[in-house]
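Working notes for the structure below.
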Amino acid sequence: MSEIRLRFAPSPTGFLHIGGARTALFNWLLARKEKGKFILRIEDTDVARSTKESVDAILEGMTWLGLDWDEGPFYQSDNFPLYREYVEKLLAAGKAYKCYCTPEELDRKRELAISEGRKPKYDGACRDLKEERPGAPFVVRFRAPLEGTTAFDDLIKGRISFQNEELDDLIIQRTDGTPTYNFTVVIDDVSMGITTVIRGDDHVNNTPRQILLYEALGCPVPEFAHVPMILGADKSRLSKRHGATSVMAYRDMGFLPEAMVNYLVRLGWSHGDEEIFTLDELIDKFTIEAVGRSAGVFNPDKLLWLNAHYIKTGDPERLAGLLLPFLPERGVDVTGGPDLTAVVRTLQDRSRTMLEMADGTVFYYTSDFEYDEKSVTKFLTPAGRELCAEVAARLEKADDLSHDAVAAIFEGMCADRGVKLKDVAQPIRFALTGGAPSPAIYDVIGVLGREESVRRIRRALSL
RNA sequence: GGUCCCAUCGUCUAGCGGUUAGGACACCGGCCUUUCACGUCGGUAACAGGGGUUCAAGUCCCCUUGGGAUCACCA
């Protein structure tokens with residue numbers, strides 16, 4: 001069997017959004033699984049709406065998710081001569097014809113049809129025109145069959161069929177000579193040798209027209225797989241009012257790409273009871289047939305849970321690197337402070353996003369924070385002060401600040417003084433962190449180091 | 001409105017004729033505990049409705065209802 005060739009073909013009119021990313025992911029996974037090719041094509045025939053910024057944003061999003069492409073990016077705007085050639089070919093074969101109807105005329109007919117309760121499809125006024133009208137502006141329409149049915153076996157949805165009479169003669173070339181979408185996709189998918197088209201659900205209605213075009217061109221029809229839409233909590237199409245829809249916005253909100261990939265793939269696809277998948281596992285286990293047929297609601301809570309999981313189990317060093325961009329805006333400067341990787345280790349279990357983790361780093365790198373007055377009286381009671389002073393003294397003599405060693409110091413003190421751990425840990429936590437929820441206090445001391453820990457305790461005691 | 005698609009806990013889903021309808025997120029309890037978390041144990045919660053087919057239907061068929069997509073010289 002020949003190599004499978006798939007493509008992701010976004011139009012560069014905005015950033016890479018959640019839905020597009022999932023479509024790209026499914027294409028990529030199948031390509032990797034079947035050892036085929038994954039091709040990136042930019043659909044920028046709408047010159048007015050397409051921007052370079054959007055192209056960059058889409059590539060950035062793909063790269064962030066780890067979806068690399070084997071060929072491209074190709075730009076449809078580079079293929080205009082090719083499309084023109086095919087239009088001529090169809091025209092010469094009588095499979096397309098020139099239509100001189102003006103947009104105004106068409107609008108009028110459409111309105112009329114709707115008001116009379118008829119289908120608003122092209123009436124075929126120019127379909128059988130005997131002669132050309134030199135100099136007159138025209139569009140080129142595809143001569144679609146009037147009867148019969150066009151059907152295909154969707155890899156996800158099963159057999160879908162349409163009555164040809166429902167389809168009208170679509171415009172393949174505009175008055176200005178530029179080609180239209182339904183035509184360019186077909187030409188490109190043919191010329192790029194695409195064997196399988198995985199795309200959004202919103203394209204099912206375009207599929208029969210495209211199949212007819214393949215047939216008119218005498219080209220093999222690819223397989224189709226239409227992936228269901230992603231909806232917001234109110235079951236309407238996912239949009240800004242449901243929250244961020246840009247993939248990169250999630251990076252900026254402190255999400256890890258592996259969490260996003262894992263979430264996206266599980267939205268509409270499953271493998272038994274499994275929830276957590278690495279990219280490699282996905283390549284191994286993914287099948288397009290297992291993708292569900294119904295639309296799914298985007299659930300930020302579950303994404304958050306996955307993100308927490310990947311932060312918890314992630315490599316601290318890598319996380320430290322990813323954390324860096326979030327620190328300046330919090331006034332955190334790691335130079336001269338505790339080792340960031342060590343800091344990350346204490347925060348992994350309690351951070352659901354890198355943003356939360358970044359917040360958690362602040363006290364480590366702020367040695368002159370303010371102590372809240374109310375809390376001072378709450379934690380630094382006479383007894384608390386006494387205990388803190390002794391901890392400082394014992395810490396000063398300690399040469400090992402490993403978790404176990406610090407634990408031994410605290411436990412030893414509790415035994416000597418006959419107090420509960422809580423009685424000493426809480427005042428110390430307050431002295432070291434300013435009272436914020438913090439990682440385990442033994443670890444905080446270990447990360448802060450002896451000098452800084454003692455200094456902070458003495459400073460609190462001086463209040 | 002026409003056409004097309006879809007329908008299991010609130011959400012993502014398992015189920016592919018015979019199950020106490022399973023898992024996950026969220027939620028609610030217990031435990032753990034130096035704060036906050038993590039973790040752990042347990043709990044609430046679903047086959048949209050109606051007809052068939054069958055010894056047997058969440059699973060197959062039809063209808064109803066509900067939801068979504070699409071009907072451009074946009075992609």
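Chain identifiers are assigned alphabetically (A, B, ...) following the order of the sequence lines, protein sequences preceding nucleic acid strands; residue numbering begins at 1 within each chain. All figures in this text were calculated on a predicted structure; none of them were measured in a lab.
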Touch class at under 4.0 angstrom, heavy-atom based, for V297(A) against every strand present: sugar-phosphate
Audit row: Y310(A), F255(A), ring pair (Phe, Tyr, Trp, His ring centres under 6.0 Å) steps and yes/no: CA-CA 9 Å; Y310(A) 283 106; F255(A) 285 83; over 10 Å; no
Donor-acceptor pair present, T180(A) side chain and C73(B) base, under 3.5 Å: no
Any donor-acceptor N/O pair under 3.5 Å between C38(B) base and R350(A) side chain: no
Most 5' of L303(A) and E166(A) on RNA chain B, judged by nearest nucleotide: E166(A)
Closest-nucleotide 5' rank along RNA chain B - winner of T178(A) and R159(A): R159(A)
Any strand counts, and the cut-off is 3.5 Å on both contacts for Watson-Crick or G-U wobble. Which nucleotide pairs with [N]?
| N | value |
| --- | --- |
| U20(B) | none |
| G42(B) | C28(B) |
| A57(B) | none |
| A69(B) | U3(B) |

Rounded distance in Å - CZ (F224(A)) to C1' (C5(B)): 16 Å
D169(A) and Y97(A) side chains, donor-acceptor separation under 3.5 Å: yes
N/O (side chain, R293(A)) to phosphate O (OP1/OP2, A7(B)) under 4.0 Å: yes
Nucleotide nearest N299(A) when distance is taken to its side chain, options C38(B), A24(B), U11(B): U11(B)
